[in-house]
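For reference, the structure is listed below as structure tokens.
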Protein chains: 2
Amino acid sequence: MAQAVRHDAMRARNLALVLGEVNARGSLTRAALAEITGLTKTTVSKLVADLIEAGLVVETGAVRDGERGRPGVVVRVSGEHVASVGLEINVDYLAVRVVDLSRTVRLRRTQAVDNRFAQPGDVVALLRDLALKAVDDAVDMGLRVVGGVLAVPGPVDQRTGTVHNAPNLGWRDVPVAALLELPFPVQVENEANLAALGELWFGSGLSDFLHVSGEIGIGAGLVVRGRLFQGSHGFAGELGHVVVSPDGPACRCGGKGCLEQYASQDALAAATGLPPGAGPHGNGAHRTGAQGGGASGNGTQTTPGGTTAGDISWIVSRLEAGDAAALAACERAGWALGVALSSAINLVDPDTIVLGGIYGPLFPWIGEAVAATLTSRLGQMRDAVPPVVVSRLGTEAAALGAAGQVIQRVIADPAALLQT
Amino acid sequence: MAQAVRHDAMRARNLALVLGEVNARGSLTRAALAEITGLTKTTVSKLVADLIEAGLVVETGAVRDGERGRPGVVVRVSGEHVASVGLEINVDYLAVRVVDLSRTVRLRRTQAVDNRFAQPGDVVALLRDLALKAVDDAVDMGLRVVGGVLAVPGPVDQRTGTVHNAPNLGWRDVPVAALLELPFPVQVENEANLAALGELWFGSGLSDFLHVSGEIGIGAGLVVRGRLFQGSHGFAGELGHVVVSPDGPACRCGGKGCLEQYASQDALAAATGLPPGAGPHGNGAHRTGAQGGGASGNGTQTTPGGTTAGDISWIVSRLEAGDAAALAACERAGWALGVALSSAINLVDPDTIVLGGIYGPLFPWIGEAVAATLTSRLGQMRDAVPPVVVSRLGTEAAALGAAGQVIQRVIADPAALLQT
DNA sequence: ATATTTAGTCCACAACGTAGACTAATTCAG
DNA sequence: CTGAATTAGTCTACGTTGTGGACTAAATAT
């Protein structure tokens, strides 16, 4: 349950409070921090001194704000010392991102690999190499990697770092965290949850939304007041198996008429005329290649590099050409998504719906159908139907969310880092 | 955001920690508390002294546990000083419960009233009388009522204490909290949420479950690790409007094929042969009468007294007689409930499903259909389908949850009470 | 009866935040 | 250009709270 609060815990909380405000507002003087937090100037000064010594915060010189009085010294979160790695294993690529404490992406590396028929051990070994190389590069930049999070496409047992069941990889009960053996703690999480967190920390600035990750499967991550909702066992957000039509097409989950049968990448491909699993996959070869990205010094919102999950571009080009089958498939997918989301909205009451993953590029062709379905199914009861918006992060979301999670932990509890 | 932690906040947290352990474990010595909390014996003694002085905890004499050494003095939560009122407005009754800090129900009073066509002002005035009488009785028992919570059948704006929309009462934007004008703060909450909390604090001892309240409407409350999940605006848990069949019968929410069209009390009544709204209601008269309960000194799990919401007994007697239409209606309701719950389970990942409200008495005829539907729709993907159990609280749940909420607040932050 | 064990209190001390005096660095008025 | 006003940040004495170990109390074991 709760923990006893001693002097050190009091200090830890106040350190977190100060760092949290610096993080939230970008840059601040000590005086402003005192005002905001309600702590005295004395205390704020001491806390800031500790944070500076730990390399979590830096002074950026005095500000001449034009007002009278002695100008304050502005501090901001330092991006020069602490960093984290975000890792992602997906069906057709591996990704590594290094993010510093100021949430600047310092390194992006994506490797296209067909993991559909690969052995977990091989995939993990390749990812391990990528991660170690990234850590070396981070060290060269003067950064200390304090932790990592791995995104996998499927439910995860957080406690043991085991992938429960990733149908699209063909994995069952794979202890990835243990297999990775990296020189820092690595937590494993569901890709859909991390994509939601990516949207929270690197996206449009919302702090209350349901983020829908359209991929080979369909997952969702719910963020309420800036916190991810996990459910009782960490398996919440399986939007792909919400019922759209109880007697619809059979789903691999055992149910019938699940959302995935209408709106997943494979369902869209099939309805557009391409057999599911065809396209760039399905040939069984374990291809690798096409490195995207590299080090990028500034800005957290660059256009997602690397490859897209699956061959959504194929469908997009059909849509742009006005292909009737493709348009109808999107219309149907949008309707199904709307039906499933109306259930979700009734159950979990999100503020906004953010469509990500393949729904990013497809948004022009499904967004309206989703919104229309929501309005017709929910409009009567509530003042306002949650708006449906599109994510700008694309494939980046999960790996960024993974890296961001470690950063978030440091910001939320800097004292844990000071002790080591 | 977070608050600065000063010495007083440290103390407040530790007081809560100690009181929380006493509450959770029933009775404990100071020495055991020190061991459990990690605080020193000195500190525990001081904290316990404060709690005793405030009347929140009492010593119950030394225990002779047979072991060697000086016997400890056992303390437990005191039920002799602090109390709370739980209030409930429902379609066909008003209820008041007084619960003391040790979670003993000290007073139950239920009044049958047909509120379907009554003015909000009249209903609130009647409830106010009931509440004030209950407070008088509490004072006679030496109790101080520190707060109250009101359960209403519909979504609520917690901040303003306004009932957003209670279709079964015909209420829209009614500021109940303000109308009540009781001599202590009253919070307003959705009945379904409070029923879930009632189950948490007075029910089977689970701390992770989705509680389904079958009434005129169908609501649900999700409890995760002992905390209610509210969603972004406090409207989470509208299970009644989860989609069962996207082209099913039209629902008053604007949707089609919502769960309420299959499994609500009215839907069951209609399918069994009784037109919805008939039975004890629908005659337009504003009847009052039939007081249930009274003061009951001990035990928190007595059989629910008072009247049942709606005339479910009528359907039960048909079922017991083997009426084919009634049996078929339950079978269908169970299936629909299973379909809606499978969506809910995929989305929010509850540990257990608890069926309450009318599903209590109907459980023998719907439980199996629900469980079977869940198994067939979820069994493939997961190791274990959440078990479906029945609540023992019946109509009591919401009013008890309402009263329990205040108690919970005191236990979670006793320092707030010490200052007044 | 005495040793042993456990419960609870007492007291000197340490950690941390507070309050207000004090110093530093700027703008504004003349 | 000088001094008053204003704001930022530091310094010091102090208050609150938890700690740790010594001490007292009350039981069982021998």
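Naming: A, B, ... by sequence-line order, numbering from 1 per chain. Predicted model only: the values in this text are computed from it and were never measured. These values consider heavy atoms only, across backbone and side chains, with no hydrogens, waters or symmetry-generated copies.
Taking all atoms of both residues into account, the shortest heavy-atom contact from A:A138 to A:V145 is CB-CG2, 3.9 Å. Between A:D413 and A:A12 the shortest heavy-atom distance is OD1-CB, 4.5 Å.
With a cutoff of under 4.0 Å to any heavy atom of chain B, the contacted region of DNA chain D is bounded 5' to 3' by D:dG15 to D:dA29.
Using a 4.5 Å heavy-atom cutoff, the side chains of A:L107 and A:V105 are not in contact. A:L15 has its side chain out of reach of A:K46: every pair of non-hydrogen atoms, C-beta onward, lies at least 4.5 Å apart. Side-chain contact check for B:F209 versus B:L200: some heavy-atom pair is nearer than 4.5 Å.
Applying the salt bridge (charged side-chain N to carboxylate O under 4.0 Å, His left out) test to every pair with at least one member in residues 400-411 of chain A, sequence neighbours left out, gives no pairs at all.
In terms of the ring pair (Phe, Tyr, Trp, His ring centres under 6.0 Å) criterion, residue partners of A:F229 (sequence neighbours excluded) are, by chain and number, B:F229. In this structure, the side chain to side chain contact (heavy atoms under 4.5 Å, CB included) partners of A:I36, at least two apart in sequence or on a different chain, are A:E21, A:R25, A:L28.
Residue A:V44 is classed as having no contact, given no heavy-atom separation below 4.0 Å to the nucleic acid.
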| request: May I have the step-by-step check of side chain to side chain contact (heavy atoms under 4.5 Å, CB included) for A:D137 and A:V98, ending in yes or no? | output: CA-CA 9 Å; A:D137 292 348; A:V98 173; over 6 Å; no

| request: Report, as a single string ordered 5' to 3', how protein heavy atoms within less than 4.0 Å touch nucleotides 21-30 of chain C: B base, S sugar-phosphate only, - not at all. | output: ---BBBBS--

| Reading nucleotides 11-19 of chain C from the 5' end, what letters show protein touch, with B for base, S for backbone sugar-phosphate only, - for no heavy atom under 4.0 Å? | B--BBBBBB

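The line from CG of B:L182 to CG of B:L87 is 6.5 Å long, rounded to the nearest 0.5 Å.
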